[in-house]
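Count residues from 1 along the sequence. Computed from a predicted model, the values in this text were never measured in an experiment.
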Amino acid sequence: MAKRGVEEVVVVALEEKGGAMAVVVEEKEQKEQKENEKEEEEAHPYAFHVSGPRNVAKPNWRDLINSSWKDTNYKRSVIACFIQAVYLLELDRQENRTVETALAPKWWMTFKYKLTQTLIDERDGSIFGAVLEWDQSAALADFVLIRPSGAPKAILVLRGTLLKGPTIRRDIEDDLRFLAWESLKGSVRFKGALEALRTVAERYGSSNVCIAGHSLGAGFALQVGKALAKDGIYVDAHLFNPPSISIAMSLRNIGEKAGFAWKRLKSMLPSSSEPQADCDEEIKDNSLKSWLGNIYGDKASMGLKQWVPHLYVNNSDYICCHYTDPEGKTEENEANKENPGPTNGQVAAKLFVMSKGKQKFLEAHGLEQWWSDDLDLQLAINKSKLISRQLKSLYSLPASQVTKRPR
């Protein structure tokens, strides 16, 4: 009996030991799984340390003496990284990534920013934009006592078309909206972005706020920034590969060429007294508009003087390359000589052009090129026909001011 009791104790002890070993094995498997997930994250092509910029330093105490944000190359690279973060926010959502495995945070945390708001398309629940704000607590950990000069307190970043998953339908829908009408104001994303930008501009002041976007997101950023500029709120804007082609623009160009050709033809025909009277009337009308322009000119051009967006285009990218087309002689330009827009050294926009020769479309339209080390940009000094047209309403005389006689 005593022997049997000893055997039972030994069996129980072995069972307990086996259970403990099972727990140890389970914990080891969980640890290995986490390590595998971490390795997979680190090897992911969109991980910050894999595809992010190589020579862009994170903020440190030296920025208190000489801010890196004053360097245009640094500023462009970091803002492009912020836009990449929005693409990854949506990818993280689609792939159900956890806080530990998410790819997006590294793209803003490295530069001491934090996510304060995500912009969600109510039609499909996708993330199309985000508001990032300066993270003072994270900066203090690296002895950055104050925000570096030139670094925005808040930045609204908007992604472009994502050809993956459930968001592709709504992205293409807005692409087609721009293609047909050269306007995005009818989209729910325009309304959401406008409200978000207005909110942060009122909170921090427009001089401390920035808006940026890539591709379709750049189209939204341009039109949202322009809408605020009309209300006297001028924010820094950085637009990467903004769309420049639309059916409306093509039809307008055809109409301009036809109208200019018809005007040239009429000038070659014999004149009569009746057309001469019409011409005299046109001269009087132009004189009146010119006189009104002298009165309202400063006010009408105020928006353009204070809002100068930065555009980054690649000549090999057929989506944005039309921004490099110089402003030519058209009927519209001839008719608007009395209200010509940017003059006397004014700049409609800062257009940065990159040309590496012939490139594949995906490379030329990609976002990664804008933080690459071998980037060679040139600031275009010619007048862009497309920029002048898109920003025309900021410096054109309102119709009410032209038709209403001043007292």
Side-chain angles (χ1 to χ4, degrees), residues 30-54 56 58 77-135 137-138 154-175 187-189 192-193 196-197 200 210-218 220-221 238 240-241 362 365-371:
Q30 291 178 353
K31 185 177 180 181
E32 289 177 352
Q33 184 179 356
K34 287 183 178 180
E35 289 177 352
N36 291 335
E37 289 178 353
K38 187 175 181 180
E39 289 177 1
E40 182 182 350
E41 176 193 352
E42 291 176 350
H44 196 286
Y46 294 147
F48 180 81
H49 75 279
V50 175
S51 59
R54 294 285 180 268
V56 179
K58 64 181 182 179
S77 298
V78 174
I79 291 176
C81 288
F82 289 163
I83 300 173
Q84 177 74 352
V86 182
Y87 279 103
L88 294 177
L89 277 172
E90 173 56 21
L91 286 177
D92 286 343
R93 184 191 72 86
Q94 291 184 16
E95 298 173 4
N96 298 317
R97 292 183 176 273
T98 63
V99 176
E100 292 78 16
T101 60
L103 297 170
K106 279 286 186 181
W107 289 84
W108 64 71
M109 292 174 62
T110 302
F111 306 106
K112 308 306 176 189
Y113 277 78
K114 60 184 178 182
L115 177 67
T116 58
Q117 181 184 354
T118 54
L119 275 61
I120 299 176
D121 190 325
E122 61 188 27
R123 299 170 297 182
D124 59 7
S126 63
I127 299 172
F128 68 90
V131 175
L132 304 175
E133 297 183 8
W134 175 255
D135 190 349
S137 59
I155 176 170
L156 171 62
V157 279
L158 306 168
R159 67 167 176 84
T161 304
L162 194 58
L163 300 177
K164 183 178 180 181
T167 187
I168 183 174
R169 178 186 172 188
R170 298 305 181 186
D171 288 353
I172 295 297
E173 184 178 310
D174 283 332
D175 286 327
S187 172
V188 295
R189 296 184 181 184
L197 186 62
V200 292
C210 177
I211 185 173
H214 172 251
S215 190
L216 176 63
F220 276 110
H238 294 264
F240 299 85
N241 302 91
L362 291 180
H365 191 68
L367 184 59
E368 187 174 346
Q369 64 181 312
W370 300 113
W371 65 70

Indicate the atoms forming the closest heavy-atom contact of Arg189 with Ser126, along with that distance. NH2-OG, 3.7 Å
Working to the nearest 0.5 angstrom, can you tell me the gap between Tyr87 OH and Ser215 OG? 5.5 Å
Which atom of Asp92 lies closest to which atom of Ala102, heavy atoms considered: OD2-CB, 3.5 Å
Kindly write out the residues that satisfy side chain to side chain contact (heavy atoms under 4.5 Å, CB included) with Ser51, not counting sequence neighbours, or none if the list is empty. Trp107, Glu368
Roughly how far, to the nearest 0.5 Å, is CG of Leu162 from CD1 of Ile168? 8.5 Å
Would a 4.5 Å heavy-atom cut-off, applied to side chains only, mark Val56 and Phe111 as touching? yes
Who are the side chain to side chain donor-acceptor pair (under 3.5 Å) partners of Arg123, not counting sequence neighbours? Asp121, Glu173, Asp174
So, using side chain to side chain donor-acceptor pair (under 3.5 Å) as the criterion, who are the partners of Trp371 when residues are at least two apart? none
If you round to the nearest 0.5 Å, how far is CG of Leu216 from CD1 of Ile172? 9.0 Å
Main chain of Gly52, side chain of Arg54: is a donor-acceptor contact present, judged purely on distance under 3.5 Å? yes
For a 4.5 angstrom cut-off between non-hydrogen side-chain atoms, does Gln84 reach Tyr46? yes
What pair of heavy atoms forms the shortest contact from Leu367 to Ala80, and how long is it? CD2-O, 3.5 Å
Kindly give the heavy-atom pair with the smallest separation between Lys112 and Trp134, and that separation in Å. O-CE3, 3.4 Å
Point-to-point distance, once rounded to the nearest 0.5 Å, from OG1 of Thr110 to CZ of Phe82: 9.0 Å
Minimal heavy-atom distance between Asn241 and Gly366, with the atoms involved, is OD1-O, 3.9 Å
Pairs meeting criterion salt bridge (Lys or Arg N to Asp or Glu O under 4.0 Å) with involvement of residues 158-168, two or more places apart: Glu95-Lys164, Arg159-Asp171
Can you sort out the partners of Trp108 under ring-ring contact (aromatic ring centres under 6.0 Å, His included), two or more places apart, ordered by chain and number? none
Partner set under salt bridge (charged side-chain N to carboxylate O under 4.0 Å, His left out) for Lys114, not counting sequence neighbours: none
Taking the side chain as C-beta and beyond, is there a heavy-atom pair between Val200 and Gln117 under 4.5 Å? no
Could I get the full list of side chain to side chain contact (heavy atoms under 4.5 Å, CB included) partners for Ala212, not counting sequence neighbours? Ile79, Ile83, Ile155, Val157, His238
Side chain to side chain donor-acceptor pair (under 3.5 Å) filter on Thr161, not counting sequence neighbours, yields Asp175
With sequence neighbours left out, the residues meeting side chain to side chain donor-acceptor pair (under 3.5 Å) with Glu133 are Thr116, Arg203, Tyr204
Is there a side-chain contact between Leu103 and His44 (heavy atoms, below 4.5 Å)? yes
With a 4.5 Å cut-off on side-chain heavy atoms, are Thr167 and Gln94 touching? yes
Please round to the nearest 0.5 Å and tell me the distance separating atom CG of Leu132 and atom CE of Met109. 12.0 Å
Please name the pair of heavy atoms, one in Leu158 and one in Ala221, separated by the smallest distance, quoted to 0.1 Å. CD1-N, 3.9 Å
